[in-house]
Amino acid sequence: MGLSERKEKIIKAVVDSYIDTCQPVSSADIQSNHLPSLSTATIRNELASLEEMGYLDQPHTSAGRVPTADAYRLYVEKLMPARKVTPTDVAIVRKYFDHKITEIGDMLRSTAKVISEITNLTGIAYVSDISDAIVDNVKIVKLTSGSALAVIVTDRGVLKDAMLSTADDLPEEYYRAASDFISGAFSGHSIDEICRDDALVDKITDEYRRIFDTIVEVLKAYMSEDRRSVVLEGSSKLLEQPEYSDVGKAKEMFALLESKEKLLGAARTDNDIGLSVNIAPCKDGEGSPECAIVTANLTKNGVNIGKAGVIGPIRMDYSRVVSVLEYIEKTVDGLPEGKNARRKK
């Protein structure tokens with residue numbers, strides 16, 4: 001049976017009040033601040049009914065009600081108001097992205113930092129499976145006699161810079177030729193293909209074999225790190241939330257943040273939906289924290305890089321978080337390739 005419009009309004013009132021105050025909400029609070037046309041007696045009856053239905057909880061007999069995870073899910077799906085980012089939020093986002101960002105790792109860190117600064121929650125960002133990223137080219141630049149820098153460029157951006165050992169006193173022409181040769185071998189192939197396709201190895205002459213083998217090992221190592229990698233910014237901000245003033249709850253939360261495997265398991269989604277709101281993702285595990293994770297797709301020029309969002313208490317301002325993530329998602333996707341972001345109109 002569906003909820004009546006009145007019950008939905010009361011759930012919204014309870015969630016809005018609890019997000020603002022982190023205090024149980026009474027019928028008098030709802031009547032005076034949200035629904036003045038209803039009597040407190042009517043509201044009390046509805047609160048009792050919603051408690052029986054699993055949407056509300058009463059911490060103490062004489063206390064008001066607090067929302068359950070089901071109430072927050074309904075709120076996010078149907079009841080929360082649409083919000084726009086503020087001019088202050090826009091200025092903060094521009095501060096972080098008003099410069100050239102080419103490395104995927106830098107993109108993740110900047111995104112997690114700006115999300116944390118705006119929402120005052122812990123920012124989280126992680127890369128998607130990088131194995132299907134397509135290599136565009138490889139640039140090899142001489143640094144010193146016997147060493148060079150390889151820059152691996154993919155359709156998702158620069159993976160990382162890799163230091164290479166080379167023979168002494170090789171001329172500049174060697175590095176230009178090596179860049180052209182290896183780019184020709186790698187270009188258009190996915191990282192997974194490069195790491196496992198023996199046919200590519202057969203194309204490499206002895207002259208460039210050392211550089212080729214080193215770059216393949218770099219890609220293999222990157223894929224291995226990628227599957228476990230997650231960037232967190234602003235973890236200490238969780239201590240500012242009233243929910244984690246309890247030492248036990250704080251320990252549970254920080255244990256989750258320290259376990260990258262568990263954190264990725266809680267944050268990852270099985271689909272490519274743009275925005276994901278996961279409320280109480282760890283509720284069935286013993287000692288697991290009560291939290292929520294909200295993430296949005298992180299793309300660059302239409303190519304998926306990973307996801308970015310926030311982790312925090314279930315009592316978070318979802319409307320504000322969603323508006324911020326949607327704005328950052330559009331900003332990152334629209335950053336010009338290889339140009340300074342401030343030139344974008």
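Salt-bridge check for E51 with R65: passed, with a basic side-chain N closer than 4.0 Å to an acidic carboxylate O. The pair K237-E240 fails the salt-bridge criterion, with no side-chain N (NZ, NE, NH1 or NH2) lying under 4.0 Å from an Asp/Glu carboxylate O. A salt bridge links K9 with E5: the distance from a Lys NZ or Arg NE/NH1/NH2 to an Asp or Glu carboxylate oxygen falls below 4.0 Å. A salt bridge is absent between K330 and D333; no separation between the charged side-chain nitrogens and carboxylate oxygens falls under 4.0 Å. Salt-bridge check for K142 with E173: failed, with every basic side-chain N at 4.0 Å or more from each acidic carboxylate O. Salt bridge status for E243 with K249: absent, with no side-chain N to carboxylate O gap under 4.0 Å.
When atom types are taken as modelled, the side chain of D180 and the backbone of A177 share no donor-acceptor pair closer than 3.5 angstrom. Checking side-chain atoms of N137 against main-chain N and O of S183 turns up no donor-acceptor pair under 3.5 Å. In this structure, S17 contributes its side chain and A13 its backbone to a donor-acceptor pair below 3.5 Å.
Side chains of Y244 and E252: no donor on one and acceptor on the other come within 3.5 Å. A donor-acceptor contact closer than 3.5 angstrom links the side chains of D29 and S26. If you check the side chains of N45 and T42, you find no donor sitting under 3.5 Å from an acceptor.
I118 approaches R320 most closely through the heavy-atom pair O-NH2, 3.0 Å. Across all their heavy atoms, Q58 and G64 have their closest contact at CG-O, 3.7 Å.
Contact of the L275 side chain with the T295 side chain is not registered, since no non-hydrogen atoms from C-beta on lie closer than 4.5 Å. Residues V14 and D16 form no side-chain contact, since every pair of their non-hydrogen atoms from C-beta on lies 4.5 Å or further apart.
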